[in-house]
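Read the structure below first, then the notes.
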Amino acid sequence: MTDIASSSASVSARRPNEFWISELNGRQWEAVKECDKPLLVIAGAGSGKTRVLTYKIAYLLDHGYRPEEILALTFTNKAAREMNERIGKIVGRERSQGLWSGTFHSLFSQILRMEREAIGMKRDFSIYDASDSRSLIKSIVKEMGLDDKTYKPSRIQGRISAAKNHLLLPQDYAADASIMARDNRDNVGETHRIYAQYFQRCQTAAALDFDDLLLYTYLLFDRHEEIRLKYARRFRYLLVDEYQDTNFAQHSIIAQLTRENHRICVVGDDAQSIYSFRGANIDNILQFHVQYPESVTVKLEQNYRSTQNIVKAANSIIFHNKSQIEKTIFSDNAVGDFIALMPAASDREEAAKVVGTIARLKRKEAVDFDEIAILYRTNAQSRSFEDALRERNLPYRIYGGLSFYQRKEVKDIVAYCRLLNNLDDEEAFKRIVNYPARGIGNTTLQKLFSASREHGVSLWATAYEPDKYGVKLHQGTLNKLDNFCRMILDLRELLSEVGAFDLMLEVIHQTGIKNDLNQEDGPEGESKRENVEELLNSVRAFEQDWLEENGERFVPLTEFLQQSALQTDVDQKDDDTPKITLMTIHAAKGLEFEAVFVTGMEDGLFPGVQARLFPREMEEERRLFYVAVTRAKRFCFLSYAQTRFRYGSLERSEESPFVREIDSRFIREENEMTISTDRVTGTGFKPTLFVAPSEEKGAFPHFRGNERKTPASPRSDTPAAASANSRGRKLSRVSAVCSSVSGSNESNGLSAGIVIRHERFGKGTILAVEGKGDNANALVEFENVGRKKLLLKFAKFKVLES
DNA sequence: ATATCAACCCTTTTT
DNA sequence: GGGTTGATAT
């Protein structure tokens with residue numbers, strides 16, 4: 001089972017690998033070229049993990065693997081995108097097209113859509129996000145007459161999520177004595193019934209939640225051996241990034257796909273495992289050698305990112321953890337500056353100090369804003385920094401928190417779209433049935449609810465045919481319901497005729513949303529209208545991108561919905577002006593910055609109160625701290641506030657115990673810095689950096705600050721062109737490509753029988769050409785992906801033989 | 001049925 | 001501080 005790569009190497013290697021070797025150190029190269037045995041790469045922070053992954057894929061491509069035979073799984077879209085770009089740079093874009101790379105969730109949801117029949121799902125299933133799930137759980141708790149104090153939706157959601165991550169269906173859950181005992185002990189003994197009901201309701205709504213994307217993929221492969229084999233064979237090589245953060249479900253699916261051939265490479269760092277709260281199981285990485293006894297382990301221990309002081313300080317932090325894989329991370333970079341500790345009297349002062357220091361970093365060290373990050377433990381901490389940055393007119397960008405797609409006005413429009421796409425989507429229905437207000441109130445809804453539960457049909461079904469399900473309503477209400485349903489059905493007619501963008505425009509007009517928003521005045525209404533604009537922009541951008549890659553007449557709404565459901569804040573880019581990054585430490589995983597501020601270093605905040613009593617949680621918090629510090633290339637600051645506003649009132653806090661865990665040789669307090677400069681070497685960090693922020697007034701008189709913000713939307717995360725930009729392409733470039741391609745292809749006079757190579761789908765034979773002008777399209781039979789209809793206006797391919 | 005206001009939780013962390 | 005829920009008036 002280990003012959004393929006080597007046997008085909010001589011045939012297809014086109015490029016000497018010496019060039020690569022110069023780009024890699026010995027260990028990295030070792031990891032790249034080991035393609036026969038299962039490979040575990042323990043990659044310390046900043047040790048070139050992504051480099052190894054990308055070169056390894058390039059190496060595979062050079063040794064007989066076709067792009068579509070490689071599956072590369074990441075945790076974030078950003079990581080996937082970055083990987084794709086870097087591979088494109090190494091082997092050229094065309095040779096990497098067709099690679100299966102992306103997040104677990106997005107790739108699996110694509111597979112589920114392709115194999116929907118096997119699991120009895122319809123093509124246009126909805127994806128419930130966390131708040132949809134929570135709201136569904138909430139209504140179930142209510143319906144079951146349980147106390148929502150003891151059965152707090154978020155708590156139940158956590159349990160259900162954990163169950164799914166352990167591949168436990170409702171019946172398995174109820175049958176598990178230890179789980180039931182635990183639930184009973186915790187006074188939530190009815191959880192299994194909620195879970196069963198939740199599961200059922202998701203099914204009648206044709207909806208999958210995030211965890212279902214994994215669970216159903218597992219079940220698909222488990223119950224349909226032929227399908228599992230199909231994918232196990234298709235993916236001849238499997239790579240997994242951030243393996244320390246995989247949960248049992250992910251681990252199991254990987255096992256399903258590698259059962260026959262063990263061509264797999266996982267990359268991770270146990271010291272950076274920070275998602276155990278989400279079911280991530282560190283044993284997956286620790287037990288890799290047991291799962292694959294013939295496996296090889298490569299440790300990458302040289303850090304190329306940070307100064308020696310930062311690396312050593314980070315080592316001294318993680319040293320306090322008991323359980324870990326033995327390794328010594330070292331750096332050959334400059335010694336660098338001390339980690340700087342910045343105490344502050346209040347959270348406001350903390351923010352002022354941080355921002356003041358940023359201004360100085362920019363001026364004295366020429367660190368640009370996009371090389372600076374302010375990190376914190378909880379999203380709630382962002383506010384004081386926002387205020388301080390706005391006051392100083394410094395550009396920033398917040399990631400996380402209330403993401404764009406979670407705003408009410410945006411969610412409402414998306415909910416309409418979801419309902420059009422999938423009439424059974426219950427959460428979407430609930431959200432918009434009476435928005436804008438049309439007199440369908442709670443009492444009506446309750447009647448529909450109980451009818452739908454009673455008959456096991458969707459809410460839509462009962463609203464559409466109330467009589468059939470014995471719903472008793474006044475004539476007036478019946479008329480209102482009927483009007484609503486007719487409007488939805490009318491809009492639905494458009495699904496097969498127009499693209500996502502046009503459809504959304506129709507929705508906004510026909511449903512009265514536009515009217516409603518136009519009536520709202522004041523800054524809030526203004527900001528809502530802006531957000532709707534942004535939503536439309538992002539749809540348009542998505543369309544541009546999608547049409548180019550898939551030759552179709554228009555973008556089906558369902559395509560947009562699917563990608564937007566799995567899109568996170570970090571995936572969005574607004575414009576190109578450098579901005580200071582504000583995010584949680586979790587969100588910063590995998591990123592790096594010249595200067596990093598780790599803020600809120602307070603006992604009870606970081607580590608949080610809940611962690612203090614449990615050693616295992618303390619270790620996770622400590623790893624989180626380790627992740628935070630190792631994001632920094634040159635400058636790392638730790639700040640804390642002695643008083644802080646929490647839940648609206650002032651609270652006192654002490655310095656985090658983590659601060660004292662750093663070896664004192666690598667850290668200095670702000671005021672100490674001004675005196676002891678003797679150890680300051682390397683990058684030449686001037687002690688003058690630390691001056692009271694008040695002296696910093698007007699540091700950037702010419703700088704044009706943040707765009708104006710309305711109080712209602714103080715954040716600067718605009719997802720305009722999120723999708724198009726997210727692939728690293730500009731709209732202008734897209735259109736340029738389109739025009740040139742369409743010109744050449746049309747004049748080439750394509751006809752049946754001609755063989756082409758498509759950028760993404762590979763080699764294929766044209767079966768038929770039809771249509772004129774913009775609508776000209778070709779039906780092509782591709783070798784690997786089957787039949788596709790390409791819209792010649794957008795399709796990127798070249799003719800091989802005619 | 002809707003609009004408004006007071007009382008009430010609260011905060012980890014995210015695909 | 002902020003968002004959600006519940007009671008109350010219209």
Exercise. Any idea which of B:dT14, B:dT2, B:dC9 is nearest the A:Asn379 side chain?
Worked result: B:dT14
Exercise. With a 4.0 Å cut-off on heavy atoms, is A:Tyr275 in touch with a base, just the backbone sugar-phosphate, or nothing at all?
Worked result: sugar-phosphate
For this session: Answer with base, sugar-phosphate or nothing: what part of the nucleic acid does A:Glu617 contact at a heavy-atom distance below 4.0 Å?
Result: base
Problem set entry | Options B:dA1, B:dT15, B:dT13, nucleotide nearest the side-chain atoms of A:Thr444 | B:dA1
Exercise. Touch check for A:Glu620, heavy atoms < 4.0 angstrom, all strands: base, sugar-phosphate only, or nothing?
Worked result: nothing
Seminar exercise, completed: Taken to the nearest whole Å, CD/A:Gln244 to P/B:dT15 is 15 Å
For this session: Look at all strands and tell whether A:Ala437 reaches a base, only sugar-phosphate, or nothing, counting heavy atoms closer than 4.0 Å.
Result: sugar-phosphate
Exercise. Are A:Arg348 and A:Asp387 ion-paired here, with the side-chain N under 4.0 Å from a carboxylate O?
Worked result: no
Exercise. Does NZ or CZ of A:Lys589 lie under 6.0 Å from the centre of the six-membered ring of A:Phe75, at an angle within 45° of the ring axis?
Worked result: yes
For this session: Check whether NZ of the Lys or CZ of the Arg A:Arg155 lies under 6.0 Å from the centre of the six-membered ring of A:Tyr151 and within 45 degrees of that ring's axis.
Result: no
Exercise. Salt bridge or not for A:Asp148 and A:Lys142, using N-O below 4.0 Å?
Worked result: no
For this session: Would you tell me if any nitrogen or oxygen in the side chain of A:Ser106 comes within less than 4.0 Å of OP1 or OP2 on B:dT15?
Result: no
Problem set entry | Atom-to-atom span, CZ of A:Phe606 to C1' of B:dT11 - whole angstrom | 15 Å
Exercise. So A:Leu582 and A:Ile580, side chain to side chain contact (heavy atoms under 4.5 Å, CB included) or not? Walk me through it.
Worked result: CA-CA 7 Å; A:Leu582 275 73; A:Ile580 297 159; 4.0 Å; yes
Exercise. Could you give the CZ-to-C1' distance, from A:Arg383 to B:dT11, as a whole number of Å?
Worked result: 14 Å
Exercise. Nearest nucleotide by nearest heavy atom, which residue falls closer to the 5' end of DNA chain B, A:Gly439 or A:Arg646?
Worked result: A:Gly439
For this session: Would you indicate which nucleotide in B:dC9, B:dT15, B:dT13 comes nearest to any side-chain atom of A:Thr584?
Result: B:dT13
Exercise. Would you say A:Phe75 stacks on B:dT15, if stacking means ring centres under 5.5 Å apart and planes within less than 30 degrees?
Worked result: no
Exercise. Could you state the CG-C1' distance from A:Leu213 to B:dT14, rounded to the nearest angstrom?
Worked result: 14 Å
Exercise. So does A:Lys164 pair up with A:Asp209, basic N to acidic O under 4.0 Å?
Worked result: yes
Problem set entry | A:Asn77 CG - B:dT15 C1' separation (whole Å) | 9 Å
Problem set entry | Distance in Å, A:Ser656 OG paired with A:Glu621 CD, rounded so as to fall on 0.5 Å steps | 9.0 Å
For this session: Would you mind reading off the distance between A:Met583 atom CE and B:dT13 atom P, rounded to a whole angstrom?
Result: 14 Å
Problem set entry | Under 4.0 angstrom between A:Asn434 side-chain N/O and B:dT2 OP1 or OP2 | yes
Exercise. Checking all strands, does A:Gly608 fall into the base, sugar-phosphate, or nothing category for heavy-atom contacts under 4.0 angstrom?
Worked result: nothing
For this session: Answer yes or no: is there an ion pair linking A:Arg383 with A:Asp347, defined by an N-O contact shorter than 4.0 Å?
Result: no
For this session: Would you indicate, yes or no, if C:dG1 has its OP1 or OP2 atom less than 4.0 angstrom from a side-chain nitrogen or oxygen of A:Ser649?
Result: no
Exercise. According to a strict under-4.0 Å criterion, is A:Thr103 in side-chain N/O contact with OP1 or OP2 of B:dT14?
Worked result: no
Exercise. In which ranges does DNA chain B form stems of 3 or more consecutive Watson-Crick or G-U pairs, distances under 3.5 Å?
Worked result: B:1-9 with C:2-10
Problem set entry | A:His586 side-chain proximity, nearest of C:dG1, B:dT14, B:dT11 | B:dT14
Problem set entry | Spacing of A:Asn442 atom CG relative to C:dA7 atom C1', expressed in whole Å | 14 Å
Seminar exercise, completed: Among the nucleotides B:dT15, B:dT11, C:dG2, whichever has the atom closest to the side chain of A:Tyr647 is B:dT11
Problem set entry | Candidate nucleotides B:dT2, B:dT11, B:dT14, ranked by approach to the side chain of A:Ala380 - the nearest | B:dT11
For this session: Flag the pair A:Glu143 and A:Arg201 as a salt bridge only when some basic side-chain nitrogen lies within less than 4.0 angstrom of an acidic carboxylate oxygen.
Result: yes
Exercise. Checking all strands, does A:Ser135 fall into the base, sugar-phosphate, or nothing category for heavy-atom contacts under 4.0 angstrom?
Worked result: nothing
Exercise. Taking the same atom, C1', in B:dT11 and in C:dG6, what whole-Å distance lies between them?
Worked result: 23 Å
For this session: Let me know the distance between CZ of A:Phe277 and P of B:dT11, rounded to the nearest Å.
Result: 14 Å
Exercise. Between A:His105 and A:Arg438, who's closer to the 5' end of DNA chain B by nearest nucleotide?
Worked result: A:Arg438
